Every structure is written in C-alpha cells, then in structure tokens.
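As structure tokens, the structure follows; a few thoughts come after it.
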Amino acid sequence: MPALHPLCCGRLRFDRSVFFPDASPGTRTTVPVPGFLVIHPKGKLLFDTGVACEAAADPVAVLGQRLATTFQMVGAPDENVPGQLAHLGLVPDDIRYVANSHLHFDHCGCNPLFGRSTFLIQRAEMQAAQTPGGRYDARLWQHPLDYQLIDGEHDVFGDGTVLLVPTPGHTAGHQSLVVQVARDSRFVLTADACYSSEHMARELLPSVVWQGDQMLDSMRRLRAMGEQAGSQILYGHDPIQWAALGAARQSLS
Ligand SMILES: [Zn+2]
Ligand SMILES: [Zn+2]
C-alpha cells in the first residue's frame with residue numbers, strides 16, 4: 001500500500017473575500033498551499049508542486065503584478081517543494097510522476113524542477129491553459145517537460161491504489177487524487193475543487209470559478225466519496241484541517 005505525506009508548499013495571505021465571496025472585504029486570512037507525496041512500491045508521485053520558490057523573494061517578477069498584489073507569500077524558508085522533499089531525504093529526481101491538479105500558480109510553480117518526471121495532466125486543463133485570456137500564466141507551466149495528457153479517470157500504478165479523478169468546475173480540467181493507504185483507509189485530495197470544509201458544508205463557490213454548475217457537481221461527488229467507509233477528505237486550502245495534519249516526515253493513516 002502507498003504512503004501519503006503532506007507537504008507544505010507555501011502559505012498565502014490575502015483578503016478573505018477572495019475565498020468567501022459573501023464575506024465583506026477587509027479581513028485577511030492565511031492558507032496553506034498543500035502538495036502531497038505518494039510513496040508507492042512502483043515509484044513516487046507528487047500531487048501539485050506549489051508556488052515557485054523564487055516567488056518568495058520577488059513575487060512581482062515571478063507571478064506578475066496582479067497575483068503579487070492579491071497574494072502575499074508568507075511561507076517559511078523550507079515551505080516549498082524542494083525544502084519539503086529534503087525533509088524526507090529526497091530530491092526532485094527521485095519523483096517518477098508529478099500530477100498537477102490544475103495549472104494555477106500555486107499548483108504548478110515548481111514544475112521546472114522535475115525534468116526527469118512524467119507529468120500527468122488532464123487534456124482539458126492543458127487546452128484551457130493554452131487558450132489566451134484565461135487565468136493561466138504560460139511562464140509557470142510552458143516548459144520542456146514530459147507532459148502526458150490524460151482523459152478522465154487514471155489509475156496511476158495500475159493497482160487501484162492511486163487514482164486521478166476529474167473534478168472540473170474550478171477550472172476546465174481540474175483533477176483530484178484518491179489514495180488508498182490501507183485496506184480500510186483512503187484519502188480524497190480535493191485540491192481546488194473544494195478549498196475547505198466550510199466551502200463543502202455551505203456548498204459555497206469561491207470567486208475563481210470556471211463553471212459554477214460543474215464545480216458544485218464535483219463538490220457533491222467528492223463529498224459522496226468522503227462519506228464512504230474509511231474515507232477522509234483533505235481540502236485544497238483549509239488552514240484548520242492542515243494544522244491538524246502534522247509535518248511531512250509523518251505519513252497519514
Ligand atoms: Zn486554482
Ligand atoms: Zn489553489
């Protein structure tokens with residue numbers, strides 16, 4: 001069975017109304033940028049690569065004025081992908097697969113470090129990112145990497161323990177990850193298909209939505225998966241849940 005490690009790949013501070021459109025502006029919130037390492041007998045998979053390391057020192061140069069104005073980088077020096085992998089005695093070349101939930105800046109920022117990995121991305125997401133005028137920045141994902149485009153559900157290691165599941169709505173080709181860590185225990189990693197338990201409880205859509213009906217449908221499917229026996233949902237940017245998870249060195253069970 002695979003082991004699952006939470007990696008803190010940055011922290012973002014911003015106005016709460018970005019996540020909760022019904023909140024009045026003026027209150028700041030800080031959320032984690034999670035990545036997850038899956039250690040499977042057939043290889044290691046990294047789910048999301050967080051914010052680019054260089055953004056901490058010069059956010060405007062790396063992310064552009066719009067994002068750098070909205071989001072303040074407040075992660076500790078080791079809260080990025082290479083820093084977190086180092087805590088486990090690993091380097092990027094040890095990672096066989098990288099799966100990006102989607103191609104927003106806080107989910108693909110460290111992609112260029114993984115020149116020896118195969119990237120698993122939904123075809124619909126890559127097509128959306130390549131379409132001009134969206135919320136994607138080509139500088140963050142348009143690198144000579146081994147992008148393998150997938151269509152729909154994908155069983156990464158062929159044994160059903162690590163499944164990529166399409167959850168469109170936040171973006172056109174968003175995907176979530178389901179990891180079976182024991183016969184009676186599995187984790188459903190929503191990524192940005194649902195930011196937090198509060199969003200799930202209120203069926204609240206954030207301000208960044210590609211298609212609201214599809215996002216709601218994806219949230220409901222994720223909730224149903226989380227309600228199955230032995231299942232636990234891990235939300236995309238939930239500071240309360242994240243604080244309870246512990247550090248990268250410990251795997252989740
Ligand atoms: Zn996003
Ligand atoms: Zn995000």
Side-chain angles (χ1 to χ4, degrees), residues 4 6 9 12 14-23 29-36 38 47-48 50 70-71 99-108 120-129 134-136 150-156 162-181 185-245 252:
L4 179 64
C9 302
L12 301 174
F14 52 89
D15 197 286
R16 196 177 138 81
S17 61
V18 175
F19 266 26
F20 296 92
D22 56 353
T29 187
T30 301
V31 306
V33 179
F36 290 90
V38 179
F47 184 59
D48 283 340
T70 305
F71 298 103
N100 294 120
S101 60
H102 63 306
L103 295 173
H104 284 166
F105 79 99
D106 54 325
H107 296 264
C108 67
L120 305 173
I121 296 182
Q122 293 289 327
R123 188 182 310 277
E125 184 67 12
M126 184 58 85
Q127 285 172 347
R135 285 178 177 269
Y136 300 93
I150 57 179
D151 296 292
E153 195 169 299
H154 183 72
D155 181 352
V156 178
V162 184
L163 279 182
L164 287 164
V165 183
T167 45
H170 175 66
T171 61
H174 191 283
Q175 59 184 351
S176 300
L177 185 70
V178 181
V179 183
Q180 187 92 32
V181 297
S185 176
R186 72 171 188 171
F187 289 91
V188 178
L189 282 48
T190 67
D192 281 5
C194 188
Y195 287 155
S196 74
S197 61
E198 185 176 344
H199 288 87
M200 186 66 94
R202 296 169 58 195
E203 293 198 337
L204 181 68
L205 300 181
S207 58
V208 180
V209 176
W210 168 68
Q211 226 284 353
D213 288 350
Q214 288 199 39
M215 186 161 185
L216 211 49
D217 184 57
S218 291
M219 282 170 71
R220 288 171 179 159
R221 279 190 292 115
L222 287 164
R223 175 163 48 207
M225 292 165 79
E227 285 169 350
Q228 290 178 24
S231 297
Q232 187 184 335
I233 291 182
L234 298 179
Y235 295 101
H237 295 285
D238 187 327
I240 297 168
Q241 184 184 51
W242 188 254
L245 283 188
L252 303 174

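Atoms considered below: every heavy atom in the structure, side chains included; atoms not considered: hydrogens, waters and symmetry mates. Keep in mind it's a predicted model, so treat the numbers as computed, not measured.
- For F71, the ring-ring contact (aromatic ring centres under 6.0 Å, His included) partners two or more places apart in sequence, or in a different chain, are F14, F105.
- Contact annotation: the side chain of Q127 approaches that of R123 to within less than 4.5 Å [non-hydrogen atoms, C-beta and beyond].
- Judged by distance alone, the side chain of N100 and the main-chain N or O of I121 form no donor-acceptor pair under 3.5 Å.
- Distance alone, capped at 3.5 Å, places no donor-acceptor pair between the S231 side chain and the R186 backbone.
- When the side chain to side chain contact (heavy atoms under 4.5 Å, CB included) test is applied to E203, the partners found at least two apart in sequence or on another chain are L216, R220, R223.
- When the side chain to side chain contact (heavy atoms under 4.5 Å, CB included) test is applied to A191, the partners found at least two apart in sequence or on another chain are F47, D48, S101, H174.
- Residues satisfying the side-chain hydrogen bond (donor to acceptor under 3.5 Å, both in side chains) test with T29, not counting sequence neighbours, are none.
- Using modelled atom types, one side-chain atom of T190 and one backbone atom of C194 make a donor-acceptor pair closer than 3.5 Å.
- With E125 contributing its side chain and L103 its backbone, the two residues share a donor-acceptor pair below 3.5 Å.
- Considering NE2 of H104 and OG1 of T171, their distance stands at 6.0 Å, rounded to 0.5 Å.
- Residues that satisfy the salt bridge (Lys or Arg N to Asp or Glu O under 4.0 Å) test with D15, not counting sequence neighbours, are absent from this structure.
- Considering only residues two or more places apart in sequence or on other chains, S185 meets the side-chain hydrogen bond (donor to acceptor under 3.5 Å, both in side chains) condition with none of them.
- Of the inter-residue distances, the one linking L177 atom CG with F187 atom CZ reads 12.0 Å to the nearest 0.5 angstrom.
- Of the possible donor and acceptor atoms, none in the side chain of Q122 sits under 3.5 Å from a partner among the backbone N and O of P166.
- No donor-acceptor pair under 3.5 Å is formed between the side chain of D192 and the backbone N or O of G236.
- A side-chain donor from one of T167 and S176 sits under 3.5 Å from a side-chain acceptor of the other.
- Y235 places none of its side-chain heavy atoms less than 4.5 Å from the side chain of P32.
- Take E227 and apply the side-chain hydrogen bond (donor to acceptor under 3.5 Å, both in side chains) test, not counting sequence neighbours, and it matches no residue.
- Rounding to the nearest 0.5 angstrom, the gap separating the CE atom in M219 from the CE atom in M200 is 5.5 Å.
- Among residues two or more places apart in sequence or in another chain, the side chain to side chain contact (heavy atoms under 4.5 Å, CB included) test is passed with A224 by none.
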Exercise for the section: Report the C-alpha distance between V178 and L189 in whole Å, list the side-chain angles of each, state the deciding distance to 0.1 Å, and finish with yes or no for side-chain contact (heavy atoms from CB on, under 4.5 Å). Expected result: CA-CA 6 Å; V178 181; L189 282 48; over 6 Å; no
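- Residues satisfying the salt bridge (Lys or Arg N to Asp or Glu O under 4.0 Å) criterion with E153, sequence neighbours excluded, are absent altogether.
- Listed by chain and number, the residues in a ring-ring contact (aromatic ring centres under 6.0 Å, His included) with Y195 are F19, H170, H199, H237 (sequence neighbours excluded).
- When atom types are taken as modelled, the side chain of Q232 and the backbone of V188 share no donor-acceptor pair closer than 3.5 angstrom.
- Atom OG of residue S196 and atom CG of residue L204 lie 8.0 Å apart, to the nearest 0.5 angstrom.
- For D22, the salt bridge (Lys or Arg N to Asp or Glu O under 4.0 Å) partners are R202, not counting sequence neighbours.
- S207 places none of its side-chain heavy atoms less than 4.5 Å from the side chain of S17.
- Qualifying side chain to side chain contact (heavy atoms under 4.5 Å, CB included) partners for D155, counting only residues two or more places apart in sequence or in other chains: D159, L163.
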